[in-house]
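Just so it is clear: chains get the letters A, B, ... in the order the sequence lines come, proteins before strands, and each one is counted from 1.
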Protein chains: 2
Amino acid sequence: MNTLFKALSHPVRRRIIEMLRRGPMASGDIAGAFDMTWPTVTGHLNALKEAGLVSPERDGTTIRYRLDISAVEEALAFLLSITGARAPADGDKDRD
Amino acid sequence: MNTLFKALSHPVRRRIIEMLRRGPMASGDIAGAFDMTWPTVTGHLNALKEAGLVSPERDGTTIRYRLDISAVEEALAFLLSITGARAPADGDKDRD
DNA sequence: TTCCTAATTAGGAAAAACCCTAAATGCAAG
DNA sequence: CTTGCATTTAGGGTTTTTCCTAATTAGGAA
């Protein structure tokens with residue numbers, strides 16, 4: 001949960017996640033979409049992999065990254081537990 | 001969105017959010033729940049405030065922090081857009 | 001083997017985050 | 001005004017993040 005939210009806390013990494021929403025992409029194609037060096041993007045991909053958000057698969061000389069939805073749902077579960085299960089308490093009378 | 005996910009990326013701050021789920025709490029009570037100094041907790045509260053996740057309200061000498069659900073829903077919306085699900089419904093967040 | 005391309009790891013500088021102690025602020029009561 | 005309590009801000013040391021360039025690994029083709 002800790003590395004997961006930390007991975008989501010960088011705009012480049014969130015953008016990568018959005019890109020992978022349509023399907024797996026090669027590392028070079030991902031790196032080419034940003035205005036930073038390839039090694040830097042590799043670092044972000046490693047952070048996402050560490051968080052379980054993506055997984056790489058080799059195909060010859062190219063490496064494709066695929067989005068791992070279940071990790072996203074893990075973060076989703078935390079946020080839903082916040083918005084979905086709110087108990088009424090004494091200074092909290094003005095709910096919608 | 002950037003400060004929002006960054007705020008969520010620290011375990012102490014996520015725990016504060018969980019604590020505030022039941023209602024506003026005084027700064028001192030929040031700080032007392034952790035094994036760190038009060039100024040450090042104040043720093044975390046500032047990070048949460050910066051992200052729009054909590055808002056402080058003064059009552060005499062004590063300051064109470066209240067959870068701001070709409071910011072949570074903002075993060076929720078991003079994750080839901082990834083999994084492809086719909087936006088959170090209005091009547092879904094007020095039941096116990 | 002050698003060469004080329006795809007991609008990563010290594011090393012390090014700059015910036016930010018984290019947590020502490022000490023000092024300051026704000027409010028209320030005497 | 002002065003004291004006291006609740007809380008925040010200031011300053012600084014240590015660790016982590018972020019990004020770069022240079023070097024390295026890995027696979028395919030000649």
Phosphate contact (dA17(C) OP1 or OP2) by H44(B) side-chain N/O below 4.0 Å: no
Output the rounded distance in Å from CG (L8(B)) to P (dA17(C)). 15 Å
Reading DNA chain D from 5' onward, which residue's closest nucleotide shows up sooner: R13(A) or R58(A)? R13(A)
Over how many whole Å does the gap from M25(B) atom CE to dA6(D) atom C1' extend? 15 Å
Within the distance-only criterion (no hydrogens, no angle test), does the side chain of T42(A) pair as donor or acceptor with the backbone N or O of W38(A) below 3.5 angstrom? yes
Give A31(B) one of three labels, base, sugar-phosphate or nothing, depending on what nucleic acid heavy atoms sit under 4.0 Å from its own. nothing
Base, sugar-phosphate, or nothing for T61(B), non-hydrogen atoms under 4.0 angstrom? base
Between dC19(C), dA22(C), dA6(D), which nucleotide has the shortest distance from any of its atoms to the side chain of W38(B)? dA6(D)
Please work out if T62(B) contacts a base, only the sugar-phosphate, or nothing of the nucleic acid, heavy-atom cut-off 4.0 Å. sugar-phosphate
Would you say a side-chain N or O of T42(B) is under 4.0 Å from OP1 or OP2 of dT9(D)? no
Give a yes or no on this: more than 12 heavy atoms of other residues, nucleotides or ligands lie within 6.0 Å of atom CZ of R66(A). no
Does the pair I30(B) and L20(B) meet the rule for a side chain to side chain contact (heavy atoms under 4.5 Å, CB included), with working shown? CA-CA 9 Å; I30(B) 298 173; L20(B) 294 182; 4.1 Å; yes
Under 4.0 Å: is that the gap between some side-chain N or O of N46(A) and OP1 or OP2 of dT9(C)? yes
Enclosure of E18(B) CD (heavy-atom neighbours >12, cutoff 6.0 Å): yes
To the nearest angstrom, the CZ-P distance between F34(A) and dC19(D) comes to 11 Å
Is dG4(D) paired to anything, Watson-Crick or G-U wobble with both distances less than 3.5 Å, and if yes, which nucleotide? dC27(C)
For a quick test of reading the model, state the closest non-hydrogen atom pair linking S9(A) to N2(B) and the distance between them. O-OD1, 3.1 Å
How many Å lie between CD on E57(A) and C1' on dA6(C), as a whole number? 16 Å
Check: M19(B) and F34(B) side chains under 4.5 Å, non-hydrogen atoms: yes
Categorize A47(A) for me: base, sugar-phosphate, or nothing, with a 4.0 angstrom heavy-atom threshold over every strand shown. nothing
Whole-Å distance, L48(A) CG to dT18(D) P, equals 11 Å
Please report the distance, rounded to the nearest Å, between CG in N2(A) and P in dA17(C). 15 Å
Length of the CG-C1' vector between D59(A) and dT5(C), whole Å: 15 Å
Does H10(A) have a side-chain nitrogen or oxygen under 4.0 Å from the phosphate oxygens OP1 or OP2 of dA17(C)? no
Do the side-chain N or O atoms of Y65(A) get closer than 4.0 angstrom to the phosphate oxygens (OP1, OP2) of dT8(C)? yes
Nearest whole angstrom, please: distance from the P of dT25(C) to the CD1 of I63(B). 15 Å
S27(A) side chain near dT8(C) phosphate (N/O to OP1/OP2, under 4.0 Å): yes
